[in-house]
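FYI, the numbering just counts along the sequence from 1.
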Amino acid sequence: GFDACVSHRAEDLVSEVREACPAGIDVYFDNVGGAVLAAVLRLINRGARIPLCGLISQYNATPLPPGPNLAPLLINRALIQGFIVADHADRAPDALRECAAWLRDGRLRYREDIVEGLPEAPGAFMGLLEGRNVGKLLVRVGEDPTRR
């Protein structure tokens, strides 16, 4: 269901993103930051929009990595605007209703990476920060009633 895929581990990330987005980037949803954001910033179009919702690439970094060159934001009159999901809590019921319909219709797909048992949670969390999981990381605790 997607047009292209670029690994954040690519040797030449800018070239990979350029190949996937030959006309440049108008909208980039970022919750990672780091090298991917730096590559994207080199390819943004005039008036691009970058909703910034997280910076997981630097959550455990000590010291913090140097920031990306923000000059493209000025030159291209682009905007990065931080937001927290709680800022839009009033819209949650509508979002849940729409997402549930998309899920039922097969228009919304997801992947889960399920780890069994609370003792595995610390390792799973470290794996999340290192990018070892695929999809939403869940830790199953207790008995799964569907496995009887």
Side-chain angles (χ1 to χ4, degrees), residues 1-45 47-62 64-65 67-68 70 72-73 76 78-148:
F2 53 87
D3 296 322
C5 181
V6 175
S7 171
H8 68 279
R9 294 182 176 102
E11 284 187 32
D12 187 352
L13 196 51
V14 174
S15 293
E16 295 278 337
V17 175
R18 183 179 287 119
E19 184 176 325
C21 305
I25 296 170
D26 295 314
V27 178
Y28 172 67
F29 181 90
D30 190 11
N31 59 3
V32 176
V36 175
L37 177 59
V40 165
L41 286 175
R42 293 187 51 194
L43 303 168
I44 58 174
N45 292 327
R49 295 167 316 279
I50 303 173
L52 181 62
C53 137
L55 296 168
I56 198 167
S57 69
Q58 67 187 46
Y59 286 170
N60 281 348
T62 53
L64 289 177
L70 298 180
L73 295 174
N76 294 297
L79 171 68
I80 293 180
Q81 181 172 341
F83 74 94
I84 308 281
V85 149
D87 294 343
H88 305 284
D90 60 312
R91 299 178 71 187
D94 291 335
L96 289 173
R97 190 171 33 261
E98 287 183 41
C99 287
W102 295 341
L103 190 60
R104 280 191 304 274
D105 296 343
R107 292 184 291 155
L108 180 62
R109 293 181 230 146
Y110 62 92
R111 292 179 90 178
E112 294 176 339
D113 190 342
I114 302 173
V115 175
E116 297 290 341
L118 199 53
E120 302 301 318
F125 181 68
M126 292 309 297
L128 171 74
L129 297 176
E130 295 169 355
R132 291 192 312 238
N133 66 299
V134 175
K136 185 70 164 178
L137 178 61
L138 303 168
V139 177
R140 182 178 290 138
V141 293
E143 187 177 334
D144 179 1
T146 64
R147 301 173 95 197
R148 291 184 186 167

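Within 6.0 Å of atom CZ in R107, more than 12 heavy atoms from other residues, nucleotides or ligands are found, so the atom counts as buried in its surroundings. Crowding of F83 atom CZ: a count of heavy atoms from other residues, nucleotides or ligands under 6.0 Å exceeding 12.
Summarising the geometry, atom CG belonging to L52 is positioned 9.0 Å from atom CZ belonging to F29; distances are rounded to the nearest 0.5 Å. With rounding to the nearest 0.5 angstrom, the OH atom of Y28 is 15.0 Å from the CG atom of N45. Rounded to the nearest 0.5 angstrom, D30 CG and L41 CG are separated by 8.5 Å. Distance CG/L43 to CG/D26: 12.0 Å, rounded to 0.5 Å.
The shortest side-chain heavy-atom distance between R111 and D113 does not fall under the 4.5 Å cut-off.
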If you look only at distance, which donor and acceptor atoms sit under 3.5 Å apart when one is on a side chain in residues 117-138 and the other is two or more places apart or in another chain?
residue	atom	partner	partner atom	Å
E130	OE1	R132	NH1	2.5
R132	NH2	G123	O	3.4
N133	ND2	G135	O	2.8

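Closest non-hydrogen pair, G33 versus S57, comes out as C-OG, 3.4 Å. Counting all heavy atoms, side chain and backbone alike, E19 lies closest to P22 at O-CD, 3.6 Å. Nearest heavy atom pair, residue P93 against residue A89, reads CD-O, 4.0 Å.
Of the candidates I25, I44, V27, I50 forms a side-chain contact (heavy atoms from CB on, under 4.5 Å) with just one, namely I44.
By the side-chain contact (heavy atoms from CB on, under 4.5 Å) test, A10 pairs with L13, E16, sequence neighbours left out.
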